Undergrad: 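Sharing a structure, written as structure tokens. Questions coming.
Both ligands and their constituent atoms are indexed starting at 1 by order of listing. These figures come from a predicted structure and were not determined experimentally.
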Amino acid sequence: MQYDVVVIGSGPGGYVSAIRCAQLGLKTAIIEKYSTFGGTCLNVGCIPSKALLDSSEHYLNAEKHFKEHGIELKDLKVNFKQMVSRKNEVVAQTTAGITFLMKKNKITTYEGVGSFVDKNTIKITKKDGSSEEISSKNVIIATGSKPSSLPSIKVDKKRIITSTEALSLTEIPKNLILIGGGVIGLELGSVYARLGAKVTVLEYLDSIIPTMDKGLGKELQKSLKNIGFEFLLSHKVTGATVKGKKVTVTAEDSKGNEVVVEGDYCLVAVGRIAYTEGLGLDKIGIELEERGKKIPVDEHLETPVKGVFAIGDVVKGAMLAHKAEEEGVYVAELIAGQKPHVNYNLIPGVVYTWPEVASVGATEDQLKKDGKKYKSGSYPFKASARARASMDTEGFVKVLADAETDEILGIHIIGPRAADLIAEAVVAMEFRASAEDIARICHAHPTYSEATKEAALAATANRAINI
Ligand code: FAD
Ligand code: NAD
């Protein structure tokens, strides 16, 4: 078979790219090694984690907050098997949706491992060992990433686990140890803390979610402590052992003292690594980058081999589903002769804890480092009537704007529905709005979004109204 484009990998980068290619009239095929489409995100990432986050949040509310709302429950308990089974159902429906979209867009699908024979020929090796070859003018590599670990730790996938196993446990851990206070650790740690686990976070740096604006990590730490998290920051993990059902993790604190933490499960969440196994990149002369083992690409996401592109987690940049999707569309449009653009400065980052955390643009630390003069306006959710009505008063919105021009440089939110609130910030910044622009736009009352308007008012001229 001869195609215009063959996409290897069906995660959010690959499947979105295939659809855009087909929309643009390119004869397109997609290869996925697993039997379901959707990659990490749909099968063992974004979607299952959010399903469990929502279920566990319902439980926590029923247990801790319903009474204050005047709702009394008797015999409340968790049916964890049902919780995991609902999560599996959400995943099944979502991945089936991608199968539908492939058919709808007349994209040819292949199940098997795709590997390069040469730059225009891809061999597909199926589960039963049989194989076939297809050719294409262009190839888009979208093979994603897998969990990474530490040299001193052996992940046995039973007691010392990665996010993949943490999404399908058969029991609620009693004492969950998290190595890494980043996004995966805090999201999945939240699931189990809400269901009753004691969660201990061992984080190498001196703050959690260290790449986000510092104030967010501090505020989130306070909220998570209230649901059973303990934080051991500035701790370097040195090893982990399993004996029966007990995991023992050793670490060194900032003074060099040994710290020992025991639990029944240990989730290793210290980042992810690009996945290129079995692709046969050596056949076309592509060498991986030293750092992160990523596939090298130029500003057009083309590898050193003409006509071979790479997108998503397997290339440089944030490992996020929406970043992979943008790149998928970019490459499809580029191949079709258009002049697309991805604004890498405005890719929002979200942590789906409760309160949620969301950010776009520069952090205060970055602005200070760049010597940029800026002004800052914040508004706490405890001053928001909407937040009081729903009892979600933790957190704040912070707007950072250029000291002279008032152009918004960054917006950082921790609070209810921050993941959705950040969209306003992204739109405003895409249109290079000033803080005063947001301050002058009518926001519906009562909504959480009023907090963004108030923070913008505070940044513009220190004139927030409802505080
Ligand atoms: P992937 O989704 O990893 O897909 C790659 C696909 O390629 C896989 O299906 C793989 O089987 C296939 N493949 C690999 N090699 C071959 C081959 N040789 N032949 C055929 N197929 C192959 N991001 C967010 O933006 N929001 C979130 O809320 C979020 N939550 C997450 C939660 C967890 C627990 C995890 C682990 C990740 C989360 N992420 C989230 C990150 C997100 O999942 C990734 O950034 C995203 O999936 C990357 O998309 P991708 O298309 O590059 O690769
Ligand atoms: P991460 O990079 O977010 O966090 C890893 C954390 O581990 C960091 O805080 C780091 O300082 C710490 N760490 C590293 N080495 C350590 C050590 N030796 N001891 C103790 N701590 C150590 O990585 P992650 O949480 O594994 O997530 C992986 C990727 O998946 C991220 O790039 C993220 O973007 C993506 N993801 C996104 C979402 C979302 O968008 N909501 C959710 C889950 C995952």
Side-chain angles (χ1 to χ4, degrees), residues 7-17 30-34 36-50 52-53 95 110-116 122-125 141-153 162-164 166-167 178-188 201-212 217 232-238 249 251-252 267-281 310-315 317-325 327-328 347-353 356-358 419:
V7 181
I8 308 178
S10 74
Y15 90 76
V16 168
S17 194
I30 191 163
I31 308 168
E32 171 53 56
K33 75 173 183 173
Y34 289 119
T36 55
F37 293 122
T40 305
C41 177
L42 272 61
N43 291 282
V44 289
C46 327
I47 303 305
S49 58
K50 266 81 253 179
L52 289 180
L53 276 159
T95 56
Y110 294 93
E111 187 183 331
V113 175
S115 59
F116 284 94
I122 306 291
K123 179 171 151 186
I124 302 150
T125 308
I141 304 170
T143 49
S145 63
K146 63 171 186 177
S148 64
S149 184
L150 300 172
S152 58
I153 290 184
T162 70
S163 55
T164 305
L167 290 166
L178 295 181
I179 304 183
V183 202
I184 291 186
L186 300 181
E187 287 188 2
L188 295 179
V201 180
L202 288 156
E203 165 59 49
Y204 181 70
L205 297 176
D206 62 0
S207 69
I208 57 168
I209 45 169
T211 53
M212 295 179 106
L232 299 175
L233 304 180
S234 305
H235 277 61
K236 187 175 153 202
V237 171
T238 48
V249 177
E252 237 179 50
L267 167 59
V268 183
V270 291
R272 294 177 62 84
I273 185 153
Y275 184 78
T276 52
E277 250 170 69
L279 262 181
L281 291 176
I311 58 170
D313 280 11
V314 83
V315 299
M319 286 184 159
L320 294 172
H322 41 285
K323 178 259 195 186
E325 290 177 16
E327 291 186 336
I347 292 174
V350 175
V351 190
Y352 293 82
T353 45
E356 291 179 339
V357 185

Undergrad: Does Ala318 reach ligand 2, in the sense of a heavy atom lying below 4.0 Å from it?
TA: no

Undergrad: Tell me which residues fall inside the under-4.0 Å heavy-atom shell around ligand 1.
TA: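 The 4.0 Å shell around ligand 1 contains Ile8, Gly9, Ser10, Gly11, Pro12, Gly13, Gly14, Ile31, Glu32, Lys33, Tyr34, Gly39, Thr40, Cys41, Val44, Gly45, Cys46, Ser49, Lys50, Gly112, Val113, Gly114, Ala142, Thr143, Gly144, Ser145, Ser163, Ile184, Arg272, Tyr275, Leu279, Gly312, Asp313, Met319, Leu320, Ala321, His322, Ala324, Tyr352.
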
Undergrad: Below 4.0 Å from ligand 2: does a non-hydrogen atom of Glu187 turn up there or not?
TA: yes

Undergrad: What is the minimum heavy-atom distance between Phe37 and Ser10, and which atoms define it?
TA: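 It is CA-OG, 3.3 Å.
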
Undergrad: Could you tell me which atoms of ligand 2, counted from 1 in the order shown, lie closer than 4.0 angstrom to a heavy atom of Leu202?
TA: 20 (C), 21 (N)

Undergrad: Using a strict cut-off of 4.0 Å, indicate which atoms of ligand 2 neighbour a heavy atom of Gly180.
TA: 6 (C), 7 (O), 12 (C), 21 (N)

Undergrad: Quick check on contacts: which atoms of ligand 2 are under 4.0 angstrom from a heavy atom of Arg272?
TA: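 Answer for ligand 2: 28 (C), 29 (C), 30 (O).
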
Undergrad: Applying a 4.0 Å heavy-atom criterion (strictly less than), which segment of Thr211 is in contact with ligand 2: side chain, backbone, both, or neither?
TA: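 Under 4.0 Å from ligand 2, Thr211 contributes no heavy atoms.
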
Undergrad: With atoms numbered from 1 as shown, which atoms in ligand 2 lie under 4.0 angstrom from a non-hydrogen atom of Tyr352?
TA: 41 (N)

Undergrad: Which is closest to atom 42 (C) of ligand 2 in terms of heavy atoms, Leu53, Asp313, Val183?
TA: Val183

Undergrad: If the cut-off is 4.0 Å to any non-hydrogen atom of Leu320, which atoms of ligand 2 fall inside it?
TA: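 Those qualifying, in numeric order: 34 (O), 37 (C), 40 (O).
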
Undergrad: Taking 4.0 Å as the limit for heavy-atom contacts, which would you say applies to Ile209 with ligand 2: side chain only, backbone only, both, or neither?
TA: neither

Undergrad: For Val350, take its heavy atoms, then give the atoms of ligand 2 lying under 4.0 Å from any of them.
TA: 39 (C), 40 (O), 41 (N)

